[in-house]
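The sequence lines fix the lettering, A, B, ..., with proteins before strands; numbering per chain opens at 1. No hydrogens, no waters, no symmetry mates; every other heavy atom, side chains included, goes into these values.
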There are 2 protein chains.
Amino acid sequence: MPFTAAEENYIKTIFQLQLVEGMVSTNSVASTLETSAASVTDMLKKLKLKKLLVYEKYKGFKLNNEGKKAALSIIRKHRLWETFLVNILHFKWDEVHEVAEQLEHIQSNQLIDHLDNFLGNPQFDPHGDPIPDATGKMPVMTQINLTKFPLHIVGEVCSVGSQSSDMLSLLSHKQIEIGSTISVEQFFAFDESIDVKINNTLMVNISAKLAQHLYVKKLNYAS
Amino acid sequence: MPFTAAEENYIKTIFQLQLVEGMVSTNSVASTLETSAASVTDMLKKLKLKKLLVYEKYKGFKLNNEGKKAALSIIRKHRLWETFLVNILHFKWDEVHEVAEQLEHIQSNQLIDHLDNFLGNPQFDPHGDPIPDATGKMPVMTQINLTKFPLHIVGEVCSVGSQSSDMLSLLSHKQIEIGSTISVEQFFAFDESIDVKINNTLMVNISAKLAQHLYVKKLNYAS
DNA sequence: TTAAAATTTTAGATTTGTCTAAAAATATTT
DNA sequence: AAATATTTTTAGACAAATCTAAAATTTTAA
Ligand SMILES: [Mn+2]
Ligand SMILES: [Mn+2]
Ligand SMILES: [Mn+2]
Ligand SMILES: [Mn+2]
């Protein structure tokens with residue numbers, strides 16, 4: 001029942017890929033984890049043996065309920081630790097990912113429950129991603145990718161699709177943060193870039209690639 | 001330069017044994033880590049190759065300066081995490097050891113420095129053991145084993161030589177804690193047990209075995 | 001609808017950390 | 001000083017996680 005750190009990294013990656021892809025491919029896992037396709041196949045056999053996923057040779061694979069449950073527990077730990085690092089130890093939000101990658105593998109339910117409680121049972125992590133509770137439930141976010149966000153509607157930046165330093169420093173340069181209000185003002189078909197207004201004042205241009213990694217939600221409340 | 005968790009566990013164990021034994025034996029490490037003597041020999045070769053210890057076949061071994069430095073860094077992490085678990089997450093002092101055994105292997109200097117700072121740069125962990133600073137220095141304790149403590153002198157319980165649940169629950173039963181004042185009032189040669197006075201009031205009998213695991217320091221300050 | 005390209009799996013190694021059983025060295029007793 | 005016991009090391013094996021290179025399968029393109 002307890003998993004190794006390597007198994008947990010695969011489980012988490014497959015979970016996140018299947019949210020987007022449905023069925024997951026060997027190569028997508030390999031490139032996400034920066035490992036070889038052969039290693040992925042090796043691990044798939046182990047995870048299948050442990051009854052965490054549905055897998056037929058050459059046909060792709062996806063986590064079953066047991067596997068999803070395991071993934072949510074790892075994601076819960078990862079996001080709670082990130083919250084701890086930023087809120088309590090005053091890390092910057094682009095400095096926490098690597099350490100959380102390690103901390104998520106610490107085995108102790110008591111630890112994670114006490115941590116959750118100490119942090120005040122936070123609902124979202126510093127990147128705006130929802131934190132599953134002990135049973136695996138997460139708040140729904142109805143977040144939309146910025147590329148699909150309607151024009152001239154004010155939303156709030158609530159999540160970033162990548163934690164690469166390159167991306168985070170670009171965001172920082174453009175003065176975009178989690179919680180910034182944002183509205184798409186113009187679309188340029190040529191390069192699919194967009195002009196957005198940040199916090200109702202600053203106007204900046206955002207590349208298609210960057211937009212693909214920004215998630216926003218509509219502001220339902222006053223303003 | 002970074003060590004694996006297994007290497008770190010050996011380094012820490014050898015350090016602690018050589019404080020008492022001077023030269024360390026294969027079997028003492030094996031029984032402390034609950035592993036086979038053969039595994040210890042295997043690891044000794046690796047640690048020698050990494051120039052962390054002085055080792056000649058069949059002759060015993062001990063950490064050199066480089067090895068001691070590594071050990072102190074691991075001990076620093078272990079004791080800071082224990083302090084976090086007890087002071088911040090409200091674990092009991094006899095519940096923290098297993099989790100700290102895992103947390104001590106997280107690789108991030110930034111993390112441990114921020115944690116130290118957040119905890120207020122504590123000098124002692126919840127078991128009364130000194131916490132090395134970032135350079136490896138620890139406060140000297142001049143603690144004495146209770147079996148060697150002079151009669152009728154008031155001291156303070158500052159460390160326990162074991163973290164076994166059995167021992168900690170026995171201490172709890174006798175209402176002895178870290179920080180309790182203690183004085184040895186009578187020695188019984190027959191079973192080498194002693195009567196001690198706790199916090200200047202309660203008189204209890206302590207077995208030779210228990211006394212061997214209790215460390216006290218003289219109270220130099222008023223009272 | 002074959003041929004070429006891409007993807008995936010297998011075969012065979014390697015590293016780390018562990019084990020048991022046997023051999024070697026050291027320590028203790030007659 | 002032998003014989004015996006203990007400790008330590010070596011030899012050989014195994015599981016986990018990884019790799020490269022080759023084979024198998026599926027997909028795409030001619
Ligand atoms: Mn991880
Ligand atoms: Mn996050
Ligand atoms: Mn440990
Ligand atoms: Mn301690």
Residues which pass side chain to side chain contact (heavy atoms under 4.5 Å, CB included) with [X], listed by chain and number, not counting sequence neighbours:
X: B:Asn64; result: B:Val54, B:Glu66
X: A:Leu170; result: A:Lys174, A:Leu210
X: B:Tyr10; result: B:Val29, B:Leu33, B:Thr35, B:Ser39, B:Val40, B:Met43, B:Leu47
X: A:Phe15; result: A:Leu19, A:Leu63, A:Lys68, A:Ala71, A:Leu72, A:Ile75

Show every salt bridge (Lys or Arg N to Asp or Glu O under 4.0 Å) that has at least one partner inside residues 90-119 of chain A, sequence neighbours left out.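 Counting only pairs at least two positions apart or across chains, the salt bridge (Lys or Arg N to Asp or Glu O under 4.0 Å) contacts touching residues 90-119 of chain A are A:Lys12-A:Glu101, A:Lys12-A:Glu104, A:Arg76-A:Asp113, A:Arg76-A:Asp116.
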
For A:His213, enumerate each residue passing the ring pair (Phe, Tyr, Trp, His ring centres under 6.0 Å) test, keeping only those at least two apart in sequence or located in another chain.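 Listed in chain order: nothing, the list is empty.
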
What I want to check is whether the side chains of A:Ser25 and A:Ser28 have a donor and an acceptor closer together than 3.5 Å.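 Their side chains do contain a donor-acceptor pair, which is all the 3.5 Å distance test asks for.
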
Between the side chains of B:Ser164 and B:Asp166, is a donor N or O closer than 3.5 angstrom to an acceptor N or O?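 Short answer, no.
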
Would you verify whether the NZ or CZ of B:Lys217 falls within 45 degrees of the ring axis of B:Phe124 while also being under 6.0 Å from that six-membered ring's centre?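 Pair B:Lys217/B:Phe124 counts as cation-pi.
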
At a heavy-atom distance below 4.0 Å, what parts of residues 17-34 of chain B sit against DNA chain C?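 Those residues: none at all.
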
Give me the residues of residues 4-12 of chain A where at least one heavy atom lies under 4.0 Å from an atom of DNA chain C, by number, or none.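 Heavy-atom contacts with DNA chain C come from no residue of residues 4-12 of chain A; none.
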
First of A:Lys57 and B:Glu56 reached from the 5' end of DNA chain D, by closest nucleotide: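 Whichever sits nearer the 5' end wins; that is B:Glu56.
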
Side chain A:Asp129, main chain A:Arg79, donor-acceptor under 3.5 Å: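 Absent.
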
pair B:Ile14-B:Leu44: side-chain heavy atoms closer than 4.5 Å: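 Result yes, sub-4.5 Å side-chain heavy-atom pair found.
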
Just grab all the side-chain hydrogen bond (donor to acceptor under 3.5 Å, both in side chains) pairs involving residues 41-53 of chain A, residues at least two apart or on different chains.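 For residues 41-53 of chain A: A:Glu7-A:Lys50.
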
Near DNA chain D, counting only heavy atoms under 4.0 Å, which residues of residues 35-45 of chain B show up?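 Result for residues 35-45 of chain B: B:Ala37, B:Ala38, B:Thr41, B:Lys45, sorted by number.
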
Terminal contacting nucleotides, 5' and 3', DNA chain C versus chain A (heavy atom, 4.0 Å):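 It runs C:dT7 to C:dT10.
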
By side-chain hydrogen bond (donor to acceptor under 3.5 Å, both in side chains) - contacts of A:Gln163 (at least two apart):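 Per chain and number, A:Gln163 pairs via side-chain hydrogen bond (donor to acceptor under 3.5 Å, both in side chains) with A:His97.
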
Is A:Phe61 touching bases, backbone alone, or none of the nucleic acid, heavy atoms closer than 4.0 Å?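 If one applies the 4.0 Å heavy-atom cut-off, A:Phe61 turns out to touch nothing in the nucleic acid.
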
